[in-house]
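Report on the structure given below.
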Number of protein chains: 2
Amino acid sequence: MSDLLPGNQIVKLVACDIKLEVRVILFSLRDRQLQVLLAPAGENQAMDLWQLPGNLVDRFCSLEETASMCLVEYIGCREAYLEQLYTYGYAGEQLVSVVYYALIPGDIYPNKKHTPSQWFPVDTPPVLISNHAEILQYALRRLRYKLEYTAVGFELLPDHFTLSELQSTYEIVLGEKLDKRNFRRRILKADVIEPTPHQRCGEGRPARLFRYRPDAVAEVKARRLFP
Amino acid sequence: MSDLLPGNQIVKLVACDIKLEVRVILFSLRDRQLQVLLAPAGENQAMDLWQLPGNLVDRFCSLEETASMCLVEYIGCREAYLEQLYTYGYAGEQLVSVVYYALIPGDIYPNKKHTPSQWFPVDTPPVLISNHAEILQYALRRLRYKLEYTAVGFELLPDHFTLSELQSTYEIVLGEKLDKRNFRRRILKADVIEPTPHQRCGEGRPARLFRYRPDAVAEVKARRLFP
DNA sequence: GCAAAAGTGTTCTTTCTACACCCATGC
DNA sequence: GCATGGGTGTAGAAAGAACACTTTTGC
């Protein structure tokens, strides 16, 4: 298990049998619920044990690249909002786990792919390995908190969306009803989304479509201000 | 290569030549300035290159333990406020750096120890290796932001402190003058510090001493809500 | 023309901000 | 008794919360 290493000086100090992995919490809106993608963990399917998707860190990939690769691998998604959550060290198992979370536009990626992973409502997850349930709860708290002081909610929607869709997103994630007029005022004042010339027709009066201002994305990322 | 595997299979894929280190940003108030502890980085002293204190992660220590050990090693300090900041991956160097920051009560630990590390004002740090200057800036932003919505400021002070000392701490870290009455109202409403029966005598009228409520510490920690 | 969702302002309440004087002690 | 820092309340401004009706389309 303790692999041998080439003998320059720095290697002497390397704690070489610590495993390093990246895990990604994929959040998405499906069936009007906030859902999370989980992968089966048990050798034995009957156990019904699940885990957060992830990969060991390859020596040629950065942490964020590894996380991005997970998105591609698990749902074929490029270019989602991705943010580092926390790094957990498991002393007993010599394992370090760098955890990210991602916001996946709902209804873009199919419910099932070739992978055996599945979406679960965040409120009713299955039994998870290790401390993954705790990590999931923490991610949820962070996501909710973040929604309250930034406008990242649109990252869960397609490129173009109506204000009602955005409000619904906030309501689902935060788990509470919001006032329509106050919501619009606040979200527009935040100045990260802008109206487009297009409308969406459906039942009732057509709604104006919005999109996020491309120049505003950096700003949202920069407010990576909490633990 | 990159499928996530449970249990024993994981070992096959270990990227064993990735180095894992913990760095700690030690903040402290000295000479009425916010200062940071740095360690010399150059083999050659003339270069005057510095770095954030840190250690490679030992196989038997957790990340937080490693960070705590840095505090002991560099300034002989146990029991400081310690919070994970961010984890940086350096793909080119196969290096992963888990960075914490710590708030060290000022004037408790002497300015110099047997270690060659030194305190520098955060505004005028020396030249730092790698991206350590950037990390320091990020830590500062996080600390300032955190002070605005929590009451962690007292972690930079001794066990007992006056409200004026606490206000001064906030002013130094945030870099702006605060209104005395508003400050007191806010900090008391936050409900994390409490008056003690004691007073501190000095010049002028004696000041009541406060301390943080032991049961409130968990609460502050729990608001580890930002990236 | 009616069902269904979109869109739009105002009032009240709460929170934040600005501001000045008396108090207790040491010397 | 005076110099020094400690301690206290209030009024105006800004921000947030509560609230109901008109508009546009498809059927």
Side-chain angles (χ1 to χ4, degrees), chain A residues 29 32 106-107 144-151 153-154 157-158 160-172 174-212 223, chain B residues 29 31-32 106-107 144-151 153-154 157-172 174-212 223:
Chain A
L29 288 178
R32 306 189 60 73
D107 307 323
R144 286 183 175 137
Y145 196 90
K146 186 139 195 155
L147 247 58
E148 284 175 4
Y149 74 97
T150 68
F154 59 80
L157 292 171
H160 291 68
F161 50 85
T162 69
L163 288 184
S164 295
E165 287 166 353
L166 187 58
Q167 178 175 350
S168 166
T169 300
Y170 274 73
E171 290 175 340
I172 291 168
L174 297 177
E176 55 180 327
K177 289 296 273 180
L178 300 173
D179 179 84
K180 180 157 55 157
R181 281 167 289 191
N182 292 341
F183 177 79
R184 286 169 186 236
R185 219 195 330 269
R186 261 177 43 198
I187 211 81
L188 291 176
K189 206 172 77 177
D191 223 42
V192 299
I193 63 173
E194 60 184 12
T196 69
H198 307 107
Q199 295 190 320
R200 159 147 332 143
C201 294
E203 246 180 328
R205 175 173 171 178
R208 162 130 291 144
L209 286 170
F210 285 73
R211 65 172 177 190
Y212 55 94
R223 287 206 64 178
Chain B
L29 288 179
D31 305 327
R32 306 189 58 75
D107 307 322
R144 286 185 175 135
Y145 194 90
K146 186 138 198 157
L147 246 58
E148 284 174 4
Y149 74 97
T150 69
F154 59 80
L157 292 171
D159 277 12
H160 291 68
F161 49 86
T162 69
L163 289 184
S164 295
E165 287 165 353
L166 188 58
Q167 178 175 349
S168 167
T169 300
Y170 273 73
E171 290 176 339
I172 290 170
L174 297 177
E176 56 180 324
K177 288 296 273 179
L178 300 173
D179 180 84
K180 182 159 51 160
R181 279 167 290 192
N182 293 339
F183 177 80
R184 285 167 187 237
R185 219 196 329 271
R186 261 176 45 197
I187 212 81
L188 290 175
K189 206 172 77 177
D191 224 42
V192 299
I193 62 173
E194 62 183 11
T196 70
H198 307 106
Q199 295 190 318
R200 157 145 336 140
C201 293
E203 247 179 329
R205 175 174 171 178
R208 161 130 293 145
L209 285 170
F210 286 73
R211 64 171 179 192
Y212 56 94
R223 288 204 65 180

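Letters A, B, ... mirror the listed sequences (proteins, then strands); counts begin at 1.
A donor-acceptor pair under 3.5 Å links the side-chain atoms of B:T169 to the main chain of B:E165, judged by distance alone. Between the A:T196 side chain and the A:L209 main chain, a donor and an acceptor come within less than 3.5 Å of each other.
Contact check for A:L163 versus A:I193: side-chain heavy atoms found under the 4.5 Å cut-off. For the pair B:L174/B:E148, a side-chain contact is recorded, criterion being any heavy-atom separation below 4.5 Å from C-beta on. Inter-residue side-chain proximity for B:P158 and B:R211 is flagged as unmet; no heavy-atom pair is nearer than 4.5 Å.
The distance from atom NE2 of A:H160 to atom OH of A:Y212, rounded to the nearest 0.5 Å, is 10.0 Å. Atom-to-atom distance recorded for A:E171:CD and A:K177:NZ is 4.0 Å, nearest 0.5 angstrom.
Contact check, A:S164 against C:dA6: a side-chain N or O comes under 4.0 Å of OP1 or OP2.
Whole-Å rounding puts the A:L163 CG to C:dG7 P distance at 6 Å. Rounded to whole Å, atom P of C:dC16 lies 13 Å from atom CD1 of B:I187. At whole-Å resolution of the value, CD in A:Q167 and P in C:dT8 are 14 Å apart. If you measure from atom CG of A:L188 to atom C1' of C:dG9, you get 15 Å, rounded to the nearest angstrom.
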Next item on the list: Classify every nucleotide of nucleotides 17-27 of chain C by which part a protein heavy atom approaches to under 4.0 Å, writing B for the base, S for the sugar-phosphate alone and - for neither, in 5'-to-3' order.
Entry: BBBB--BBBS-
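Between chain B and DNA chain D, the heavy-atom contact criterion of under 4.0 Å yields a 5' to 3' nucleotide range of D:dT4 to D:dT10.
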Margin query: Set out, in order, the CA-CA distance, both residues' side-chain angles and the distance that settles side chain to side chain contact (heavy atoms under 4.5 Å, CB included) for A:L166 and A:F210, then state yes or no.
Written below: CA-CA 9 Å; A:L166 187 58; A:F210 285 73; over 6 Å; no
